[in-house]
Protein chains: 2
Amino acid sequence: MDHNDRPDIDETDVAILKRVERDADVNLADLAAELELSKSAVHYRLTKLKDEDVITSISADVDPLALGLEMVVITEVSVAHESGYADEIGHALAEIDGVFQVYYTMGDVDFIVHSRVQNREQMNDLIDEIVTIDGVNETASTFVMKELQTNPKTVANMSTEMIENVVDGTE
Amino acid sequence: MDHNDRPDIDETDVAILKRVERDADVNLADLAAELELSKSAVHYRLTKLKDEDVITSISADVDPLALGLEMVVITEVSVAHESGYADEIGHALAEIDGVFQVYYTMGDVDFIVHSRVQNREQMNDLIDEIVTIDGVNETASTFVMKELQTNPKTVANMSTEMIENVVDGTE
DNA sequence: AATGAAATCGACCAGCA
DNA sequence: TGCTGGTCGATTTCATT
């Protein structure tokens, strides 16, 4: 760990992360060959990255379309500011079925809520649920026509500059 | 596959998906025990789900904070409508380093862009890059103060009704 | 869908830089 | 602290019923 309480990570770690965030099914031997390292070195680093919670989990990515979740809706939510229940409202929003992401923002809007549903009826129900939450003032929903990139990855989207900052520990 | 070109999925499949989307590191024997199935049955279903692309990949989830990506920015992008280059612009947006999600919407705004950066300078650079894209008219960025739920999962966020629709093949 | 055998893989170790 | 190479046990995988 460095002075910022963030794990020390070097180029090799980044290479490993990039690879396993794309496909964690790869076996140790192949990974080791790709990185020109020994199996045990890769194993050692992988367990370290997991221990340090750089890798938080290994998960199967499920295609929403395969389950009929064809609609993505973005809802802007404004709350009654005097209430001061921002935290509770955020949690209530996150717990609604279909909601997969909730952002608490600094903008004119307080929350931005992302949800996935199968049809218009579910969409209406979901928006109703949001409005029903105590403290919610106003909502505005936008229908997503197309989403580029369904499974956002962390390392894959980083610039070389961002990666350098991590490797150096210079931020 | 059903008449909708969507794979046939039953309750057992859903149970498997729910489990491996949370933790794909689980070994077959444990999974089989949990579901009260034989190892081979689970193995058979898992490979089927992968073949059918219900499971698109097994991936390691990397914590953005561990890599210093402490800022999330949401940018609304409007384009010059006469241009009709929506697709190209969408791709250009998605390719910018730091951008992890691009939605093409039906609202007053054309694109909603999500990005993760390490500091304000990178945020400014990123917004500059967006503005520079040919056809981009106007942008408005919002800073995210807090994100509830960092790794959105598909099945975990579905209601029982949504799941029933999948299992029955009734949509 | 279950069985069991064969192949493969990941975990671990002692030793070393 | 991080790496090597090798061994052993566990686990996946597959042919057969």
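Protein chains get the first letters and strands the later ones, always in sequence-line order, with residue 1 at the start of each. Just so it is clear, the structure is predicted and the values come from calculations on it, not from any experiment. What's counted below: heavy atoms across the whole structure, side chains too, no hydrogens, waters or symmetry copies.
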* To do: Sugar-phosphate atoms are those with a prime plus P, OP1 and OP2; base atoms are the rest. Using that split, label each nucleotide of nucleotides 2-17 of chain D B, S or - for protein heavy atoms under 4.0 Å, 5' to 3'.
  => BSBBB----SBS----
* Asked: Salt-bridged, A:R45 to A:E52, with N to O below 4.0 Å?
  -> no
* To do: For A:I9 and D:dT1, give me the distance from atom CD1 to atom C1', rounded to whole Å.
  => 16 Å
* Check the angle between the aromatic planes of B:Y104 and B:F111 and answer parallel, tilted or perpendicular using the 30° and 60° thresholds. => tilted
* Above 12 or not: heavy atoms from other molecules or residues under 6.0 Å from CD of A:E70? -> yes
* For the residue pair B:V113 and B:I74, establish whether any side-chain heavy-atom pair is separated by less than 4.5 Å. => no
Side-chain donor-acceptor pairs of residues 86-103 of chain A under 3.5 Å, sequence neighbours excluded:
residue	atom	partner	partner atom	Å
A:D87	OD1	B:K146	NZ	3.2
A:H91	ND1	A:D87	O	3.4
A:Q101	NE2	B:Q149	O	3.2

* Helical bend (five base pairs per end, nearest 10°) for the helix from C:dA1-D:dT17 to C:dA17-D:dT1 -> 40°
* To do: Kindly indicate whether the side chain of A:V73, heavy atoms from C-beta on, has any atom under 4.5 Å from the side chain of A:V144.
  => no
* Hey, could you give me the CD1/CG distance between A:I58 and B:D25, rounded to the nearest 0.5 Å? => 5.0 Å
* Asked: With a 4.0 Å cut-off, would you call B:D30 and B:K39 a salt bridge?
  -> no
